[in-house]
Amino acid sequence: MTEPHRDEPLSLADFSGHVVLVGAGQMGGAMMRGWLKHGLAPQRMAISDPRPPANIQAVIDAHGIACNPTDPKPAGVLILAVKPQIADDVMPLVKQFVGPDTVVVSVMAGKTIQRIEQVFGAGTAVVRTIPNTPAAVGRGITGAAASANVTPAQRQAVERLLAAVGRVEWLAREDWIDIVTAVSGSGPAYVFLLAETLARAGASAGLPADLAARLARATVEGAAELMHLSPEVEPATLRQNVTSPNGTTYAALQVLTGPHGIDQPFVEAVAAAAKRSRELAG
């Protein structure tokens with residue numbers, strides 16, 4: 001089972017470990033900015049990336065963060081945020097950051113705990129995660145699975161770092177990662193597709209395309225914010241609250257929940273994404 005998300009304010013000002021981030025691309029950069037926002041001291045982190053994007057390099061320089069240190073030492077937390085296609089080449093190059101007390105955190109799709117242990121050693125503490133792109137604005141959600149070698153203190157440290165970009169859900173089984181990938185990892189694309197489809201439907205019904213697009217986008221944004229600000233209210237209840245008996249919304253939902261509605265396509269879509277995630281993991 002997952003552990004409940006904790007909603008107390010996050011502060012990393014008292015974080016005492018040393019964090020090494022391997023890969024300063026979109027996700028790595030979002031994490032670095034999140035750590036700084038929540039008070040992690042710049043001297044507590046280092047970046048390993050041969051060519052950080054210009055905007056990330058500017059943040060590194062502005063805060064005096066060590067980048068590609070020439071005298072690498074074992075980290076308390078090593079976060080691997082590189083693309084899975086280059087992971088097998090990169091991981092051996094950063095073994096010098098891993099010591100007996102290091103926890104390795106994977107932010108890479110398709111790389112199992114077993115594969116990471118093959119590179120860094122069978123006794124290595126490993127946390128495998130799958131965040132999603134809203135992490136870039138601090139509203140992500142990350143599924144995390146820990147190996148048996150991860151200590152409670154390491155787990156707490158990892159959770160605090162991951163929480164800098166959104167919520168964290170701990171998974172009892174590593175193979176749930178594939179389903180989490182299909183639901184929340186790929187999920188933002190489904191929501192963006194909803195906005196696209198709603199806009200096209202509005203235009204098809206007779207609205208100017210640009211007006212339909214603005215209405216659709218604002219509606220998705222507003223509905224998501226309403227759900228965010230109503231954490232104790234189930235989505236089904238929010239849906240029911242806007243659905244008057246035999247009204248316009250009711251008429252639309254009869255189509256969306258009918259025999260040719262969206263339920264089965266979503267079931268099939270998540271299953272397809274989870275299957276592909278398993279394939280990528282080998």
Side-chain angles (χ1 to χ4, degrees), residues 1-10 129-145 159 162-163 165-205 207 211-278:
M1 295 180 62
T2 61
E3 295 180 357
H5 168 67
R6 294 194 286 272
D7 291 314
E8 63 264 22
L10 174 69
T129 76
I130 182 69
N132 63 5
T133 54
V137 293
R139 291 283 293 276
I141 187 161
T142 300
E159 178 166 343
L162 294 175
V165 293
R167 297 182 55 169
V168 181
E169 293 285 346
W170 287 96
L171 311 177
R173 293 169 43 178
E174 183 188 357
D175 61 356
W176 286 355
I177 285 280
D178 298 307
I179 307 171
V180 171
T181 300
V183 174
S184 58
S186 300
Y190 314 155
V191 177
F192 302 146
L193 177 61
L194 171 62
E196 292 178 65
T197 304
L198 185 56
R200 284 196 297 269
S204 177
L207 288 176
L211 174 59
R214 292 195 300 273
L215 291 172
R217 183 179 185 126
T219 298
V220 172
E221 291 172 353
E225 186 65 10
L226 179 60
M227 188 161 57
H228 175 67
L229 295 176
S230 310
E232 304 304 321
V233 183
E234 293 294 329
T237 301
L238 293 172
R239 171 178 55 78
Q240 291 160 5
N241 289 346
V242 77
T243 308
S244 301
N246 294 318
T248 59
T249 307
Y250 175 83
L253 291 176
Q254 291 300 104
V255 177
L256 293 175
T257 61
H260 301 292
I262 64 173
D263 278 13
Q264 190 58 33
F266 261 95
V267 169
E268 293 175 4
V270 168
K275 178 176 181 289
R276 182 56 181 154
S277 179
R278 296 185 193 100

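Since the model is a prediction, treat every value here as computed from it, not as a measurement.
- Leu253 approaches Thr257 most closely through the heavy-atom pair O-OG1, 2.5 Å.
- When all heavy atoms of Val168 and Ala163 are compared, the closest pair comes out as CG2-N, 3.7 Å.
- Considering every non-hydrogen atom in both Arg239 and Thr243, the closest pair reads O-OG1, 2.7 Å.
- In this structure, CG in Leu10 is found 10.5 Å from CG in Leu162, a value given to the nearest 0.5 Å.
- Between Ala199 and Ala212, the shortest heavy-atom contact is O-CB, 3.4 Å.
- For Tyr190, the OH atom is densely surrounded, since the number of other residues' heavy atoms within 6.0 Å is greater than 12.
- In this structure, the separation between OG on Ser277 and CG on Asp175 is 10.5 Å, given to the nearest 0.5 Å.
- For the atom pair Thr237 OG1 and Glu232 CD, the distance stands at 11.5 Å (nearest 0.5 Å).
- When side chains are defined from C-beta on, Val267 counts as touching Gln264, because their heavy atoms get closer than 4.5 Å.
- Nearest heavy-atom pair, Met227 versus Pro235, reported as atom, atom and distance to 0.1 Å: SD-CG, 3.9 Å.
- Separation of atoms CZ (Arg217) and CD (Glu196) is listed at 11.0 Å; rounding is to 0.5 Å.
- Listed here is the closest heavy atom pair of Ala273 and Ala182: CB-CB, 3.5 Å.
- In this structure, OG1 on Thr219 lies 9.0 Å from CD on Glu221, to the nearest 0.5 angstrom.
- For Glu234, the CD atom sits in a loose shell: 12 or fewer heavy atoms of surrounding residues, nucleotides or ligands are nearer than 6.0 Å.
- Taking the side chain as every heavy atom from C-beta outward, Val180 and Glu169 never approach each other to under 4.5 Å.
- In this structure a side-chain-to-backbone donor-acceptor pair under 3.5 Å is missing from Ser204 to Arg200.
- Of the possible donor and acceptor atoms, one in the side chain of Asn132 sits under 3.5 Å from a partner among the backbone N and O of Ile141.
- For the atom pair Asn241 CG and Thr249 OG1, the distance stands at 11.5 Å (nearest 0.5 Å).
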